[in-house]
Amino acid sequence: MDLILTPHVKTPNGFTLDFYLKQGGYEALRKALAMTPEAVVDLVKASGLRGRGGAGFPTGMKWQFVDKKSPKPKYICCNADESEPGTFKDHVLMERNPHLVFEGCLIGCHAIGAKVAYIYIRGEFYHVQEVLEAELAKARAAGLIGKNIFGTGFDCEIFVHRGAGAYEAGEETALIESLEGKRAQPRLKPPFPAVAGLYGCPTAVNNVETLCNVPPIITHGPEWFAALGPEKNGGPKLYCLSGHVKNPGVYEAPMHVTMRELIYDARYGGGIRGGHALKAVIPGGSSVPILLPDQLDIPASFDGVASAGSMLGSAGIIVMDETTCMVWAAENLLYFYKHESCGKCTPCREGGAWLHNLLGRIERGEGQMKDIDLLESVANNILGKTLCAFGDAAATPVLTTVKLFREEYEAHVREGRCTLPAEWRGASRAMAAH
Amino acid sequence: MSFHPLMDYGRAHHKSSRAMADEGPAFAYTPEHLATLEDICSRYPPEQRKSAILAALYLAQRQQGYVTRNAMKAVAEAIRCTTAEVEDVVSFYTMFYQRPVGRHVLQVCRTLSCALNGAERVTDELQKVLGIAPGETTADGQFSLFEVECLGACDRAPVVGVNDHWHECQRPEDAKALVEGLRTKGAAVLTGCHLHKETV
Ligand code: FES
């Protein structure tokens, strides 16, 4: 398949406005502006495009829910907070194809009747922000952003808004709170952003990759888009491979591609490094259930991964080989969740720290058998009891590793040490484990 | 009563607990920074100046190196909100420093993909070379060391952020060269983002 989102990632100056225009850039916008907003929404609905941020919610529906009759302004918030561990695809799109992001934002604004889109970018993407700002200025100077675009009377602005280090800001209502100048903490839903989002106005929050799929849908039509992948999983998808694979990186493929192909095929991950055997795969960012090596012959689609009991999530595929201690891996992730919990809901704020303490105890060889049950009990008391999905995300690494690798936990307790201290781990920490 | 019968409530330190920053020296924005801030404020509806609070804090930090309570007062004045609101935000986001940091702030990503590729050893080596633990600053004020969470560059693990730049695929054995390089040549020794370098 020809690459649709990332064909010119490696082309010198492939990110510039000139280059983008030579490839027919902004023609989808011209076409969309000749259509009514409703027709654009219908087209996106017909394509079956599902959100690429993690939840896989149909984008056309999200746009349709935006309260058009409201007298208030409408907003598009482009979610460029990309903070899910193992995920680095939006980074590539923004840095190497920024005008596709802008074109997607502009078409989105036309579709929901917005005059402003904010791109909320995580604070650590400073160099990416510089690229975005420079290219935005060029697009503005060329009349592609601003007043009366293409002489159609359509006014639209795009602004980049820099975050400041908060995983939680990737949750759509927390992103809105952060954009309003507050702590990035989620809101109680409903009301959903489509009714009362940014500044209490109807808002659509869309992931970068999601918006990048919109211009090709306008150009080539919804049937073309849907036919690119399996049923209900149409379009191109970006996959992020990291961990113990030979060729880590971002790869574009239709969702027919299987998990095994992504990890082993020479076009993608190229197999496991150093001749080791594969042990476990986290297929969708840090917060989804683990897949075992015999579960990989599934399409890497939303529905395919779900059928194997996990989630495609953000398509951040973290690969772990046989040298990886699963108690250590869970502890590593729970440190993340403890650190990044926004603190609003008690189960997540307190529970994340408890889980991390328990895991640390077991990993250091100071745990007891009953701690393993306690882990499960605490995790199950977080699950489903928080405002946003963060609580579930924090509980999952614990539940999935205890379920699949319980004997490893027990060995830690029995032997009073980490039973798999890999050489790539820190000396001091490995020593502490003995 | 805790929500789990076997666990104690409220024992863990969480970032939502507020700690007051030092008063610090007197602070006033430079005219250039004030102008930049006004420009940023104009991106939001006039009654929503608070949206520019992170930007205002970044400017204060750029000017002073860290964010003091006096700086927070200046931010509140510029944004037209209360100091408590500013403090609320500063204490939540990890990228604002409330005490002085070194000229080079090394931020080793410690999250899973980087850890699988030896990030713990990178931190260990940097600790040895610098003689400080994570969270500390060298006595000469040149280096601070932090462990941070996933930077969104996991294919180039382990990644070290150095101020606003990235340094990719850092190996433990390169710690000394990195520190020496920063000391003598500054940010020029950093790899930067590979996407940027490969293709511009
Ligand atoms: S885990 Fe280190 S950059 Fe993602």
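Naming convention: chains lettered A, B, ... in sequence-line order (proteins, then strands); numbering from 1 in each chain. No hydrogens, no waters, no symmetry mates; every other heavy atom, side chains included, goes into these values.
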Counterpart residues, side chain to side chain donor-acceptor pair (under 3.5 Å), relative to A:E130 (two or more places apart): none

For B:H165, all residues meeting side chain to side chain donor-acceptor pair (under 3.5 Å), sequence neighbours excluded: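 With sequence neighbours excluded, B:H165 shows a side chain to side chain donor-acceptor pair (under 3.5 Å) to no residue whatsoever.
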
Just so I understand: if I count every heavy-atom pair under 4.5 Å between each of [options] and chain B, which residue has the most?
{"options": "A:G181, A:G243, A:S178", "value": "A:G181"}
{"options": "A:A329, A:G351, A:P347", "value": "A:P347"}
{"options": "A:G163, A:P73, A:A169", "value": "A:G163"}
{"options": "A:S242, A:A353, A:G352, A:G316", "value": "A:S242"}
{"options": "A:K385, A:K338, A:R273", "value": "A:R273"}
{"options": "A:V378, A:I282, A:N247", "value": "A:V378"}

Counting only non-hydrogen atoms closer than 4.5 Å, does [X] touch chain B with its backbone (N, CA, C, O), its side chain (CB onward), both, or neither?
{"X": "A:L241", "result": "backbone"}
{"X": "A:E350", "result": "side chain"}
{"X": "A:L358", "result": "side chain"}
{"X": "A:V128", "result": "neither"}
{"X": "A:F336", "result": "both"}
{"X": "A:S377", "result": "both"}

Pair A:K182 + A:E177: basic N to acidic O under 4.0 Å: yes

B:E120 and B:R110 ion-paired at < 4.0 Å: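 B:R110 and B:E120: not salt-bridged.
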
Is [X] in contact with chain A via its backbone, its side chain, both, or neither, using a 4.5 Å heavy-atom distance?
{"X": "B:L112", "result": "both"}
{"X": "B:A157", "result": "neither"}
{"X": "B:R49", "result": "neither"}
{"X": "B:L116", "result": "both"}
{"X": "B:L54", "result": "side chain"}

Pair A:N97-A:H8, side chain to side chain contact (heavy atoms under 4.5 Å, CB included): steps then yes or no: CA-CA 8 Å; A:N97 209 353; A:H8 302 296; over 6 Å; no

Under 3.5 Å side-chain donor-acceptor pair for A:S286 and A:E84: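 Note: A:S286 and A:E84 side chains meet the donor-acceptor criterion.
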
Distance-only polar pair, side chains of B:W166 and B:Q107, donor-acceptor under 3.5 Å: no

Residues B:T68, B:D22; criterion side chain to side chain contact (heavy atoms under 4.5 Å, CB included); working and verdict: CA-CA 6 Å; B:T68 62; B:D22 290 341; 5.8 Å; no

Residue pairs, two or more places apart or on separate chains, that pass salt bridge (Lys or Arg N to Asp or Glu O under 4.0 Å) and touch residues 50-62 of chain B: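 Checked against salt bridge (Lys or Arg N to Asp or Glu O under 4.0 Å) - neighbours excluded - the pairs reaching residues 50-62 of chain B are B:K50-B:E85.
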
B:R121 side chain vs B:R171 backbone, donor-acceptor pair below 3.5 Å: no

Ring centre gap for B:Y58 and A:Y126 strictly below 6.0 Å: no

Output field: ring centroids A:Y120/A:H161 closer than 6.0 Å: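 When the ring centroids of A:Y120 and A:H161 are compared, they turn out to be within the sub-6.0 Å range.
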
Residues from residues 27-44 of chain B approaching chain A under 4.5 Å (heavy atoms): B:R43, B:Y44

Heavy atoms from other residues, nucleotides or ligands near CD of B:E77 exceed 12 (cutoff 6.0 Å): no

Chain A interface, residue from B:C109, B:C114, B:G152, B:P45 that has the most non-hydrogen pairs under 4.5 Å: B:G152

Derivation and outcome, side chain to side chain contact (heavy atoms under 4.5 Å, CB included), residues A:Y268 and A:Y239: CA-CA 9 Å; A:Y268 309 115; A:Y239 295 96; over 6 Å; no

Point-to-point distance, once rounded to the nearest 0.5 Å, from CD of A:Q129 to CG of A:L136: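 Output value for this atom pair is 10.0 Å.
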
